[in-house]
Each structure stands twice: as C-alpha cells, then as structure tokens.
Amino acid sequence: MYTQGLLNAGTDDFVEDDAFLAKFQARIDNEEKIEPNDDMPKAYRNTLIRQISQHAHSEIIGMLPEGNWISRSPTLRRKKILLAKVQDEGGHGLYLYAAAETLGISREEMIEQLLAGKAKYSSIFNYPTPSWADIGIIGWLVDGAAIMNQIPLCRCSYGPYARAMVRICKEESFHQRQGFDITQTLAKGSAVQKQMVQDSLNRWWWPVLMMFGPSDSDSTNSDQTMRWRIKRFTNDTLRQKFVDATVPQAEFLGLTIPDDRLKWNPNKNTGKNNMSGGYDFGAIDWDEFWRVVKGDGPMNRDRLKARSNAWDKGAWVREAALVHAQKSAKKSQAASQKAA
Ligand code: FAQ
C-alpha cells in the first residue's frame, strides 16, 4: 500500500510548544490543508485516526445490512444496483483506511481494534433488515444522513480525508437516489407494499437521527474538532438540516414520520444564513443510542462475528497477495540487474 511509507509519520522531532500550536492553528484558520508529512499536534493526529478509522469501519460493517438482500432482491435490475452499491461502500472503507494510514497507523492495527470491540463504528448498522423495504429506507435515509454529515467533511482540514470524501460523497448521492427510487416504488405500490415501507420507516427513523451523534451538550469531541476544522457543523445542526430536508420528501411519498411532535416552527433559529424556521421534533432516546454504541444493540454481536469470520476466511488471500508481491518484486529486481 502506498501509505505504508508513512507508517513512521508519528515520530515527530518538533517541540509541541505554544508557538508551534499557534502557528498550526493559524494554518487551519487560513484554510490551508494539512498534509501527511506536515508537523501536527499529537492530539490532532489522534483525533483524525479515531474519526477516520471509525468512519472506515462504518463503511465496511455497513455492507452487512444491505448485503443481506443481494441474493433476494426482487428483480435482476435491483440486484445489480444493490451489488454495485454494496461494493461502493467497501471501496469507501478502503479509501478511508488508506487515509488513516497516512497518519501512521496500519490497517491491521485498525482492524484488530474493530474486531476486539475497541473501535467504534456507526450505531445505525446494528439494526436488522428484515424486509426489502429496509433497503429502500437505508438508501434514502441512511445514505441521506451520511451525505448531510459528509459533504462538510470534503472541506476538512486534513488533505487525504477531505479528498477521499469528495469521491465518497459523489457515490453516496447515487446511493441515496437508488434508495429513494425503491422507497417511491413501494410507497406508490399496493397497500401491502405501502404498509411494508411505512413499517420500515417507523423502525429506522429514530436510529437515523441518532447517526449524527449525541446532542451538542454531550458531544465530547465537537468543540476541538470544529476548532481544527475537521468538523464544520455540530451534530445538532446537521441533524436539524437533515430533518428539514427529509420531511417534505416523506410528505411527497405519502409516508408518515413516526413522531407526534414533528411540527414546522417558523421561528426556529436553525443557524442557516438569512433563513429561519425549521421542524421541531420529539426527544431522541439517548439511552438506546448509548446501549447500541456500547455493543448492546439488536445486531452488534452478529456484525462483529460476520467481520471476524470474513477476516479469518480471508487470511489465505492476504498471504497469497503478499507472496505474489514478493515474487513480483524479486522478478523486477532481477530484470533491472540484468539490464544494468
Ligand atoms: N455511532 O463527541 P462526539 C455511512 C461516538 S458512514 C457510534 O459527537 P464526534 C455510509 C463518538 O465516536 C456512517 N458512535 O463524536 C453508509 C464519540 O466516541 P469516542 C459513519 C458514535 O466524532 C451508508 C462519542 O460518541 N459516518 O453511513 C456515533 O465528534 C449506508 C461522542 O460523540 C462517519 O463516521 C454513532 N452514530 O462526532 C455505509 C462520518 N456518534 O470516539 C453503508 C464521520 C457519536 O470519543 C451503508 N464521522 N459516536 O470514543 C463524524 O462525522 C463524527 O465522528 C460523528 C461523531 C458525527 C459520527
């Protein structure tokens, strides 16, 4: 992997004093991108490793709920689209692992942390997908929430993460539209189909709102990551933007968002430029959120077991790839010696 050359990137020989920190912050405030070989505060490096690796794990674990439906998609066309979508998520995980590697952590270490239950991944992927409608709702809402959260990450201060996010966001927009298309087909279909998609919306709505993370008052990382311009908006701001964008879509589809307290509030200050007004919505069950984050959601154990099995079963592929790479290197070395 090209980033392996950066594995010693953490052994910095600069002094992290006030002058250094002020200069670093000035670069950030000036919208300069921080690149892998630049000096950076240890806490900046560690917070990026934390966020990017969690993000990568989310993409990889996130393949499982939808992967569950590849072999059972209702038509060949839907199967092809879903297969491509799930592959895209795998690709996102790989770009993100590569971006995290530029900070001096190896992919093996990140995967070990995931499989040992030490690393987090998004709470949303610990919910089951018992019906085909869940595939529509995941694309529409989970990818929709992911886009809302990730577009600002395209402007993240760390270059490799920002650049990875540009491509990821383009692909996520396609994912969101395919989810909307499935949802729309079911919502405009028979009474049974409409009920199936409404049931799915009822199950996913609140977990999707939780994806944005704890409320700002409980978010331990936001203040610092916003100062470093890793995050550009707080969790609550993005959640509000998502609700405001999604409610009219649900109305268009003729679906009911399962929240009795959802109501347009023309005086709500949502922090948008020159605009006021936003939806008031009901209370999120934060106990459920923390239970799921801590490993006790409906599917946490199954998800980790599936990844652990895949890692064990893939050992021979990793070994074979390594031997192949060694053989190729030897061959090209011999060829260049012969030519010299
Ligand atoms: N689940 O202080 P904050 C996708 C943790 S990708 C689990 O607010 P932060 C694509 C958080 O880590 C979805 N844990 O944290 C797709 C922290 O714990 P720590 C993933 C959560 O980092 C679609 C603690 O709570 N997206 O969907 C969650 O500033 C379909 C305190 O929270 C990203 O990762 C949660 N929902 O803000 C794939 C985007 N929320 O680490 C397949 C990048 C919070 O201190 C199919 N990440 N925690 O021990 C971010 O933007 C941020 O990391 C947040 C959390 C917003 C997720």
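For this chain, numbers begin at 1 and follow the sequence in order. Reckoned from all heavy atoms, side chains included, excluding hydrogens, waters and symmetry mates. Small disclaimer: the values here were computed from a predicted structure and weren't measured. Order of listing sets the numbers, starting from 1, for every ligand and every atom in it.
Inclusion of Thr220 in the set of residues having an N or O under 3.5 Å from an N or O of ligand 1 is warranted. Of the N or O atoms in Thr225, none lie within a sub-3.5 Å distance of an N or O in ligand 1. At least one N or O atom of Met211 sits closer than 3.5 Å to an N or O atom of ligand 1. Polar contact check, Ser123 against ligand 1: a nitrogen or oxygen pair lies under 3.5 Å apart. For ligand 1, none of its N or O atoms has an N or O atom of Asp143 under 3.5 Å away. Between Asn149 and ligand 1, at least one pair of N/O atoms sits closer than 3.5 Å.
Taking the six-membered ring for Trp and thresholds of 30 and 60 degrees, Phe24 and Tyr44 have ring planes more than 60 degrees apart, a perpendicular arrangement. Using cut-offs of 30° and 60° for the angle between ring planes, the Tyr95 and His92 rings count as tilted.
Look at Phe233 and you'll find every heavy atom at least 4.0 Å from all atoms of ligand 1.
No side-chain heavy atom of Met165 sits less than 4.5 Å from a side-chain heavy atom of Ile151.
By the definition of a contact as any protein heavy atom under 4.0 Å away, atom 43 (C) of ligand 1 is in contact.
Interface atoms of ligand 1 facing Leu153, defined by a heavy-atom separation under 4.0 Å, are 43 (C).
Only side-chain heavy atoms of Lys120 come within less than 4.0 Å of ligand 1; its backbone N, CA, C and O stay farther off. Contact annotation: for Ser219 versus ligand 1, heavy atoms closer than 4.0 Å belong to both the backbone and the side chain. Only the side chain of Phe125 comes within contact range of ligand 1, with a heavy atom under 4.0 Å; no backbone atom does. Using a 4.0 Å cut-off between heavy atoms, Val292 makes no contact with ligand 1 at all. Contacts between Phe289 and ligand 1, counted as non-hydrogen atom pairs separated by less than 4.0 Å, involve the side chain only. When heavy-atom distances to ligand 1 are checked against a 4.0 Å cut-off, Asn235 comes that close only through its side chain, counted from C-beta outward.
Here the shortest heavy-atom distance to atom 6 (S) of ligand 1, taken over Gln150, Gln54, Lys85, belongs to Gln150. By heavy-atom distance, the residue among His57, His175, His55 lying nearest atom 33 (C) of ligand 1 is His55. When Met226, Arg50, Glu66 are checked for heavy-atom proximity to atom 11 (C) of ligand 1, Arg50 turns out nearest. Taking only non-hydrogen atoms, the option from His92, Lys118, Lys231 nearest to atom 37 (O) of ligand 1 is Lys231.
Environment of CG in Asp17: crowded, with over 12 heavy atoms of neighbouring residues, nucleotides or ligands closer than 6.0 Å. For Asp18, the CG atom is loosely surrounded, since the number of other residues' heavy atoms within 6.0 Å does not exceed 12.
One finds the CZ atom of Arg307 at 10.5 Å from the CG atom of Asp312 (value rounded to the nearest 0.5 Å).
Tracing side-chain contacts under 4.5 Å through hydrophobic residues (I, L, V, M, F, W, Y), one reaches Ile257 starting from Met211; they form part of the same cluster. At a threshold of 4.5 Å between side-chain heavy atoms, the hydrophobic network of Ile, Leu, Val, Met, Phe, Trp and Tyr places Ile28 and Leu153 in one connected group.
Between the side chains of Tyr127 and Arg203, no donor N or O sits under 3.5 Å from an acceptor N or O. Glu288 and Trp206 share no side-chain donor-acceptor pair at under 3.5 Å.
Both cation-pi conditions hold for Lys188 and Phe252: the charged atom is under 6.0 angstrom from the six-membered ring centre and inside a 45 degree cone around its axis.
Distance alone, capped at 3.5 Å, is enough to place a donor-acceptor pair between the Asn300 side chain and the Val292 backbone.
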